[in-house]
Amino acid sequence: MQKVPVITIDGPSGAGKGTIAQMLAARLGWRLLDSGALYRALAYAAGQAGVSPEEEDSLAALASRMNLEFRAGRVLLDGEDITDAIRTETVGNAASKIAAIPKVREALLAWQRAFARPPGLVADGRDMGSVVFPDAPVKIFLTASPEERAKRRYNQLKEKGIDVNVLELAEAIRERDARDRTRSIAPLKAPAAALEVDSTGRSIEEVFGQVMAKVEETLPDLKN
Ligand code: DC
């Protein structure tokens, strides 16, 4: 399909996808697609516009006309910087709900594929390797135990000054995972031929090293 090389990184929330994807894109000098930010931005836009998760047609229409920009690591909606506003658990949960709507996913598909431009793309999400970029030469499925993911999320939120209860957070993560894994369209699952990497108890550098080794093995020209 696409000639531009794509590396997909899928997995549940808190597995470390975002960090690894950013490191990889920086190392390779490739573009980065944080597809979760797209679903989060749509959930945020829907909230602002008073559109509920049940209004599927309105949500799909909103997805098609959303004026969203990714610029220098920031997310802009109609020019407004929503980078931090979309990182809350409330927006994450709303994103997971609307992400189960087929029309919404369809409306965001072309948008995501348009990110694949030379010299290459690192795409992070739930269905990057299975649906959006099925021909990607390198597919990674990154996981970690539910406890560790809850702990990481808790620390991330705390750093940002967002106060959460760790038990409630673990429960919310479990709920969101279950929804993302069992939805009928593009459920979260390891794509065929993906390298499964478990980051539980391992440092970011160690995980990055394993992923990078796979990338260099599959795309040896990158070394030159
Ligand atoms: O990765 P994240 O936590 O920012 O994603 C938020 C939600 O968006 C996630 O719970 C499910 C949905 N999502 C999706 O369905 N498909 C993707 N490719 C990325 C995210």
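Just follow the structure's listing: the first ligand is 1, and inside any ligand the first atom is 1.
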If you look only at distance, which donor and acceptor atoms sit under 3.5 Å apart when one is on a side chain in residues 34-46 and the other is two or more places apart or in another chain?
unit_1 : atom_1 : unit_2 : atom_2 : d
D34    : OD1    : G36    : N      : 3.3
D34    : OD1    : A37    : N      : 3.2
D34    : OD2    : R87    : NH2    : 3.1
S35    : OG     : D124   : O      : 2.6
Y39    : OH     : R105   : NH2    : 3.3
R40    : NH1    : I86    : O      : 2.8
R40    : NH1    : T88    : O      : 3.4
Y44    : OH     : E80    : OE2    : 3.3

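- Looking at R152, its side chain does come within 3.5 Å of a backbone N or O of A15 through a donor-acceptor pair.
- Between A63 and L108 the shortest heavy-atom distance is CB-CD2, 3.9 Å.
- At a 4.0 Å heavy-atom cut-off, the residues surrounding ligand 1 are K17, S35, G36, Y39, R40, R87, A95, S96, A99, R105, G125, R126, D127, M128, R153, R176, D180, R183, listed by chain and number.
- Under a cut-off of 6.0 angstrom, the local environment of CD1 in I185 is crowded, with over 12 non-hydrogen atoms contributed by other residues, nucleotides or ligands.
- In this structure, M128 and D10 approach most closely via the heavy-atom pair N-OD1, 2.8 Å.
- A donor-acceptor contact closer than 3.5 angstrom links the side chains of S96 and R179.
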